[in-house]
Protein chains: 2
Amino acid sequence: MTESAPDPAVRAKTRIQRENEEKILEAALEVFSAEGFRGSTIDRIAQEAGMSKPNLLYYFRSKEEIYRAVLDATLDGWLDPLRRIDPAGEPLDEIRAYLRRKLEMSRENPRASRLFANEVIRGAPLIMEELTGTLRELVEEKAAVLEGWIAEGRMAPVEPRHLLFAIWATTQHYADFQVQVQAVLSADEGAAIDGAQAFLDTLFLRALAPR
Amino acid sequence: MTESAPDPAVRAKTRIQRENEEKILEAALEVFSAEGFRGSTIDRIAQEAGMSKPNLLYYFRSKEEIYRAVLDATLDGWLDPLRRIDPAGEPLDEIRAYLRRKLEMSRENPRASRLFANEVIRGAPLIMEELTGTLRELVEEKAAVLEGWIAEGRMAPVEPRHLLFAIWATTQHYADFQVQVQAVLSADEGAAIDGAQAFLDTLFLRALAPR
DNA sequence: GGAATTGTTGACCATGCGGTCAAACTGGCG
DNA sequence: CGCCAGTTTGACCGCATGGTCAACAATTCC
């Protein structure tokens, strides 16, 4: 009650709070990305985080609250590569760089990719707002940039939204369908993504180069 | 016991058996594709199939048996478009036709695509054998065909396995990530796939045309 | 019709799971 | 130390879920 300075409803987080919340989010990403929301259990996440179930529920009030937290914590990072497409850059260089960033995400954080894949396949019950809001607006913004480049004759004329879909699909494929890729090639994930980078550069840059 | 002709352990299926098994597989595809294995319940599938849970379990002995059955029933159809790539055909025509067939599958049977996506994201616990067996061999066979075409200078030199990944990823994207596609465009699925067809034709055919 | 086979289901069981709670323990600070 | 907010957990509750079973209903075949 007797808070001196700021918002009395929000107390500063203790060291233990910060540490445990981080442990929980890490564990939740591991479990939710592999099992999906309904397939995951609080017990499993607690075990992964090295604490008891009631203790985990001391930090997050419900399974859905954990899920939302880990989705939110991951969403920004997912959108970032797209945000960084620079209207002032050289079109094909920007697209190549975007491919790199997305592939790098598939290599470094495949769990984040699978987390979203799971959520979206289910019909995106919890992130529909972000899809029709933030994502849609960002896509429109970048689509306009691409259309500008096309109008200037600096890249081949294609529907920019479908181009973005194709980039998402091809890059995230190496995270979401990792076991399939590895079953077909017999390479580890790193090697597969190296091959992917060479291939996708060729595919997109040849197709998008102005005539 | 007293079977006259063939395998005494396998009796011919009755009309009711055939009808009900079909109803169950249809319902199971609906539910498993939307919820994944762990997220689905037998009760839900039984309800969708219009019968009681014990009745459903009279035809399939466990949840996993239903799941395997629906996976098997869908797998062949999933592989078929790839099988139909004709070594005697014109390379770019064959690839265009393959794209068409895969996109058509995303339009006509998105549930099958999502069923596999769910399974593979989870690490393909039940179809790993098919991935490293049937699929891998089929990919090797078709990769050899593509490499032959490349050696003959009839299409651009690219790693054929990654080309197949890219085709799978881009076409199945419209089924697996349907809600995202619809959130970003504001078109219905049919219209989105029409746009996809035009775009993917351009993307792959421009990239793969021999210089 | 009637027997045998096939099909159907309400009731039930055991387990798993999300979530609660009271009681105990701990860390930081005067 | 001694206090107290903050932290931890064993035990528990209620409900959902996979699966069983015995009894009942419908078909099939003579």
Side-chain angles (χ1 to χ4, degrees), chain A residues 1-25 27-28 30-32 34-71 122 125-126, chain B residues 1-5 7-25 27-28 30-32 34-71 125-126:
Chain A
M1 309 293 175
T2 59
E3 291 291 300
S4 51
D7 187 342
V10 176
R11 310 184 70 98
K13 287 182 181 175
T14 68
R15 173 183 56 85
I16 295 177
Q17 264 167 20
R18 270 184 283 104
E19 287 173 3
N20 280 346
E21 283 175 12
E22 187 161 344
K23 268 195 258 176
I24 291 168
L25 289 179
E30 178 69 25
V31 175
F32 282 132
E35 309 284 348
F37 179 74
R38 298 202 53 182
S40 301
T41 70
I42 300 182
D43 266 311
R44 181 81 183 66
I45 297 170
Q47 182 192 343
E48 191 79 20
M51 67 184 69
S52 67
K53 179 171 65 165
N55 198 16
L56 188 152
L57 286 166
Y58 172 75
Y59 292 100
F60 293 88
R61 291 215 282 265
S62 71
K63 183 180 170 183
E64 189 174 319
E65 193 173 304
I66 311 170
Y67 186 63
R68 283 188 184 276
V70 70
L71 270 179
R122 302 286 145 89
L126 296 190
Chain B
M1 309 292 179
T2 59
E3 292 292 301
S4 50
D7 187 345
V10 177
R11 309 184 72 95
K13 286 182 181 175
T14 68
R15 172 185 55 87
I16 295 177
Q17 264 166 22
R18 271 184 283 104
E19 287 173 4
N20 280 346
E21 283 175 12
E22 187 161 344
K23 268 194 258 177
I24 291 168
L25 288 180
E30 177 69 25
V31 175
F32 282 132
E35 310 285 347
F37 179 74
R38 299 202 55 183
S40 302
T41 71
I42 301 182
D43 266 311
R44 180 83 182 68
I45 297 170
Q47 183 193 342
E48 190 79 19
M51 66 184 69
S52 66
K53 178 171 66 167
N55 198 14
L56 188 152
L57 286 166
Y58 172 75
Y59 292 99
F60 294 88
R61 292 216 282 268
S62 70
K63 183 180 168 181
E64 187 174 321
E65 195 174 301
I66 312 170
Y67 186 62
R68 282 188 186 277
V70 70
L71 270 179
L126 296 189

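Excluded from the calculations below are hydrogen atoms, water molecules and symmetry mates; all remaining heavy atoms, backbone and side chain alike, are included. Numbers restart at 1 for each chain; the letters A, B, ... are given by sequence-line order, proteins then strands. Given the structure is predicted, the values throughout are model-derived calculations rather than measurements.
- OP1 and OP2 of C/dT6 both lie 4.0 Å or more from every side-chain N or O belonging to B/Asn20.
- Residue A/Tyr58 places none of its side-chain N or O atoms closer than 4.0 Å to OP1 or OP2 of D/dT8.
- Contacts of A/Ile42 with the nucleic acid, taken as non-hydrogen atoms under 4.0 Å apart, involve only primed sugar atoms and P, OP1 or OP2.
- Both B/Ile16 and B/Pro54 sit near DNA chain C, but only B/Ile16 has its closest nucleotide nearer the 5' end.
- Remark: the B/Lys63 side chain and the D/dG19 base include no donor-acceptor N/O pair separated by less than 3.5 Å.
- Ranking D/dT8, C/dG7, C/dG19 by closeness to the A/Asn55 side chain, first place goes to D/dT8.
- Rounded to whole Å, the distance from CZ on A/Phe60 to P on C/dT20 is 15 Å.
- Taking only side-chain atoms of B/Tyr59, from C-beta outward, the nucleotide of D/dT17, C/dG7, D/dT8 with the closest atom is C/dG7.
- Taking side-chain N and O atoms only, B/Arg15 has a distance below 4.0 Å to OP1 or OP2 of D/dT28.
- Between B/Arg44 and the phosphate of D/dG18, there is no side-chain N or O to OP1/OP2 separation shorter than 4.0 Å.
- An OP1 or OP2 oxygen of C/dT6 is reached within less than 4.0 angstrom by no side-chain nitrogen or oxygen of B/Gln17.
- Which of D/dG18, D/dT8, C/dG18 sits closest to the side chain of A/Lys53 comes down to C/dG18.
- Contact annotation: B/Thr14 reaches the phosphate of C/dG7 (side-chain N/O to OP1 or OP2, under 4.0 Å).
- A 6.0 Å sphere centred on CD of A/Glu65 holds more than 12 heavy atoms belonging to other residues, nucleotides or ligands.
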